[in-house]
Amino acid sequence: MNKYTACFFLLFTIGLSAIAQQDKQIIVETKHTSLIFTISGQKLYQSYLGQKLISTSDQALLKSTRREAYIGAGMGDLFEPAIRMVHSDGNPSLDLKYVAHKTEKEDDNVATTSITLKDPQYLVEVVLHFAAYFNEDIIKEWTEIKHKEKKPVTLTNYASAMLHFDASKYWLSQFDGDYMTEMRMKESQLTTGIKVLDSKLGTRAQMYRSPCFYLALNKPAEENSGELIAGTLAWSGNFQCSFEIDQQNSLRMIAGMNPYASEYKLQPGKTFETPAFIFTYTKKGKGEASRNLHRWARNYGVLDGNKPRLTLLNNWEATHMDFNQDVLVELFEGANKLGVDLFLLDDGWFGNKYPRDGDKTALGDWQVDRKKLPSGIGYLVTEASKKNLQFGIWLEPEMVSPKSELYEKHPDWILKLPNRAEAYSRNQLVLDLINPKVQDFIYDMVNDLVTENPGIAFIKWDCNRMLTNTYSPALKENQGNLFIDYNRALYAILERLRKKHPHLPIMLCAGGGGRVDYGGLKYFTEFWPSDNTDGLERVFIQWGYLNFFPALTVSSHVTSMGKQSLKFRTDVAMMGKMGYDIRVKNLTEQEIKFSNQAVKTYKKISEVIWFGDLYRLVSPYEENRAVLMYVDEPKNKAVLFNYLLNFRRKEYMGKVLLAGLDPLKRYQIKEINLLPDAKSTFPDDGKVFSGDYLMNIGLNLSAGKISPLSSSIFEIVAQN
């Protein structure tokens, strides 16, 4: 073979390789969804995200190269990038080219695809990860960034996910509010430009808005119809979800940590891993999207998501911080009368030099107050067990009071700007979790408390302020790392605690629902949605959270807040993980009798609520009522909740079509959780209907004499 022939064959081989590369596809798929990438000219493009095609041969036709999958800044793209890096030589560009990919099956349900991209001029590697949960129709996406340059690089953008959409119109449902008004749902049409959902609060990051959304394509999605994705970011800190429509009416969605004040210095050889963006695609509306997320969460996203939960009585409303051990032991009797599983001791049990008698002292001094509790926590655990109760306790480990022994000993352990006055919120400061000594202090405190008092069966982990005055001496010149490294340090502490105490139930609380996400929930069994426990308000708040989080995670307590009846407030609490925070001694004998029976009823139906599929039937945003139901997997049992809100005299309420049942089965419907000696006024009480009838003809749940702020619960059971 002469040199000309050899040259010809070499060029021919290179050409074949280029053609093969041009035709290469990477497919990430679940039972009903495909996410398809095409490799062309060493670039990675998103070619398709949508319903899985019946014929696999049709997938080969999906080879669009219009939308680069993960765009670096500083090159030819004119819109928001997924990543921006300033190299050690000052060059602010990144040109990512495909190198390799692999797919590994974890089991019969989960497969993870990893796609490696590299810059040909700089020693930078970006790996895109996609975990596909086949049966749940969920895709979890995250990114790893690393480099081998001689000096640190600066990251100013670092998306967990970039997705592209082509539709005629786009509709965004977002969830925001404020303290006591969490998770209010708002829907709007996106227009040209950028819409951003974000947080800059550091902790309690969801105080104003949530990193959860529905993105509907072509038209607004309904509960049971419409094309959309439901997405949420698994991150407890600052987040940013942006939606940008370009000049061709294509939409670019970017989700990840908020780059605000976070120019991250990445050292050579270190890996920067983003939090996961979790999403589901469907053409069957918001209801199916929620059910997909709930099933995934119970199996993969929440600690012990397929295990039962405890009902509890919290002492906060009964005593606030004014109590002693005799008062608490007396409250155990009230918990016993209710029939709950656990008594939860809230704030105010600690501090000696500076007793925790108000919110201005003692945070950080986690020793038992010897005046209030001279016999210690162990005594309370023992006394609770005599009443067939387990015992739980409140903590706020990340914070410190200026008036505390901890602050006196370690004033350098807080986040504080040099040359600035300390900034207080709720009379407290934030501990510098980036400091390894602080991490050890928090871990040792929680671990010692639980180890020395093995009867502690529950923790409420609170966080009552955001990050301000943010400067960490532990970071020195790299203060842009603070918001990110703080939350990573929090996760590291929780990781250590979970290795030691893997199944201890812990409630995630943050001044109400300020920290609710799947980044945190992998370490927690449930969360506190809001300090607003007014029954009417809770219908809306819990309705919002249930779009993305399963019922067994949504702590829903019966309290005295609000002017509704005890039955209404109890019925509302039952739609989630029911508990109590109420002065039992102020209840009448009839109210105690009702509440005790309600706890028994809840325990009977809780398995359907916690582990069943949720169907939202009538939205409180559309009518002056809210109706929803849970159905177990074999479609043998269901629980239906009906809440009448504020409406005018003689307002007509139409029939409600049920959902999720087997049309061929026959079901008896029975009203439950009635007041003592009360009889149901529901005209179809005890009757048997086919599933087909219930789903297509429906029931009049508002027949007879009805009144505002009233409620009813129905148990639906398949007949043999």
Side-chain angles (χ1 to χ4, degrees), residues 31 109 135-136 223-224 284 287-288 290-292 294-295 298-299 305-309 311 339 341 546 550-552 567 570-571 573-578 594 596-618 626-643 654-704 711-720:
K31 183 184 292 185
N109 189 52
N135 291 318
E136 293 81 8
E223 186 66 24
N224 300 307
K284 296 183 179 179
E288 179 163 286
S290 292
R291 290 186 288 276
N292 290 347
H294 293 175
R295 282 191 288 268
R298 289 192 296 267
N299 290 329
N306 288 303
K307 293 185 178 180
R309 295 320 197 229
T311 57
D341 302 312
L546 286 169
L552 85 168
K567 173 174 165 53
T570 303
D571 287 353
M574 280 189 173
M575 80 156 86
K577 203 227 81 173
M578 187 175 76
F594 165 73
N596 178 270
Q597 187 58 47
V599 172
K600 292 178 181 177
T601 298
Y602 182 72
K603 289 182 177 181
K604 179 185 175 185
I605 63 176
S606 60
E607 189 168 319
V608 178
I609 298 169
W610 294 342
F611 309 122
D613 284 331
L614 169 64
Y615 293 87
R616 295 182 290 264
L617 307 180
V618 180
V627 187
L628 65 154
M629 65 186 289
Y630 297 92
V631 184
D632 70 358
E633 187 175 354
K635 301 183 184 297
N636 289 328
K637 295 180 181 179
V639 181
L640 175 66
F641 295 91
N642 177 47
Y643 306 107
K655 284 187 174 183
V656 176
L657 303 182
L658 276 56
L661 303 174
D662 185 333
L664 301 180
K665 290 182 179 179
R666 297 187 64 78
Y667 296 91
Q668 183 182 55
I669 182 164
K670 185 77 175 174
E671 185 173 359
I672 59 175
N673 209 43
L674 294 164
L675 292 170
D677 305 320
K679 292 184 179 180
S680 174
T681 59
F682 176 55
D684 294 321
D685 193 52
K687 291 184 179 180
V688 176
F689 301 90
S690 70
D692 184 53
Y693 179 96
L694 293 172
M695 293 189 290
N696 290 292
I697 304 299
L699 296 171
N700 185 354
L701 301 177
S702 304
S711 56
S712 49
I713 303 176
F714 303 90
E715 187 175 23
I716 302 168
V717 181
Q719 304 299 292
N720 294 327

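Being a predicted model, the structure only gives us computed values, none of them experimental.
For the pair V656/N642, no side-chain contact is recorded, criterion being any heavy-atom separation below 4.5 Å from C-beta on.
When the side-chain hydrogen bond (donor to acceptor under 3.5 Å, both in side chains) test is applied to S606, no partner is found at least two apart in sequence or on another chain. Applying the ring pair (Phe, Tyr, Trp, His ring centres under 6.0 Å) rule to F689 yields the partners Y693; only residues at least two apart in sequence or on another chain are considered.
Here the shortest heavy-atom pairing between G305 and L552 reads O-CD1, 3.3 Å. Closest of all the heavy-atom pairs between V627 and L701 is CG1-CD1, 3.9 Å. When all heavy atoms of F594 and P676 are compared, the closest pair comes out as CB-CD, 3.7 Å. The nearest pair of heavy atoms linking Y643 to S711 is CD2-CB, 3.8 Å. The nearest pair of heavy atoms linking F641 to M574 is CZ-O, 3.6 Å. Of all heavy-atom pairs between L661 and L694, the closest is CD1-CD1, 3.7 Å.
Distance check: L674 CG to D685 CG gives 7.5 Å after rounding to the nearest 0.5 Å. Distance CZ/F611 to CG/D632: 12.0 Å, rounded to 0.5 Å. Atom CD1 in I716 sits 13.5 Å away from atom NZ in K665 (nearest 0.5 Å). Taken from CD1 in I669 to CG in L658, the straight-line distance is 6.5 Å, to the nearest 0.5 Å. One finds the CG atom of D692 at 6.5 Å from the CE atom of M695 (value rounded to the nearest 0.5 Å). With rounding to the nearest 0.5 Å, the separation of CG in N673 from CD in Q597 is 8.0 Å.
Annotation for K603: atom NZ counts as buried by contact number, over 12 foreign heavy atoms lying within 6.0 Å. Shown here is K604, whose NZ atom has no more than 12 heavy atoms of other residues, nucleotides or ligands within 6.0 Å.
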Check your understanding: Between L699 and F714, does a side chain to side chain contact (heavy atoms under 4.5 Å, CB included) hold up when you go through it step by step?
Key -> CA-CA 12 Å; L699 296 171; F714 303 90; over 6 Å; no
Point to revise | Trace of the salt bridge (charged side-chain N to carboxylate O under 4.0 Å, His left out) decision for R616 with E223 | key: CA-CA 7 Å; R616 295 182 290 264; E223 186 66 24; 3.0 Å; yes
Point to revise | Derivation and outcome, side chain to side chain contact (heavy atoms under 4.5 Å, CB included), residues V599 and M578 | key: CA-CA 8 Å; V599 172; M578 187 175 76; 4.2 Å; yes
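Counting only distance, with no hydrogens or angles, the side chain of Q668 and the backbone of G686 share a donor-acceptor pair below 3.5 Å. Between the side chain of N109 and the main chain of N135, a donor-acceptor pair closer than 3.5 Å is present. Formation of a donor-acceptor pair under 3.5 Å by the N306 side chain with backbone atoms of R298 is found in this model. Not one N or O on the side chain of R666 forms a donor-acceptor pair closer than 3.5 Å with the backbone of L664. Of the possible polar contacts, none joining the Y602 side chain to the T570 backbone as a donor-acceptor pair under 3.5 Å is found. No donor-acceptor pair under 3.5 Å is formed between the side chain of Y630 and the backbone N or O of E607. In this structure a side-chain-to-backbone donor-acceptor pair under 3.5 Å is missing from H294 to G612. One N or O on the side chain of K635 and one on the backbone of G660 form a donor-acceptor pair closer than 3.5 Å. Panel note: side chain D613, backbone R291; no donor-acceptor pair is recorded below 3.5 Å.
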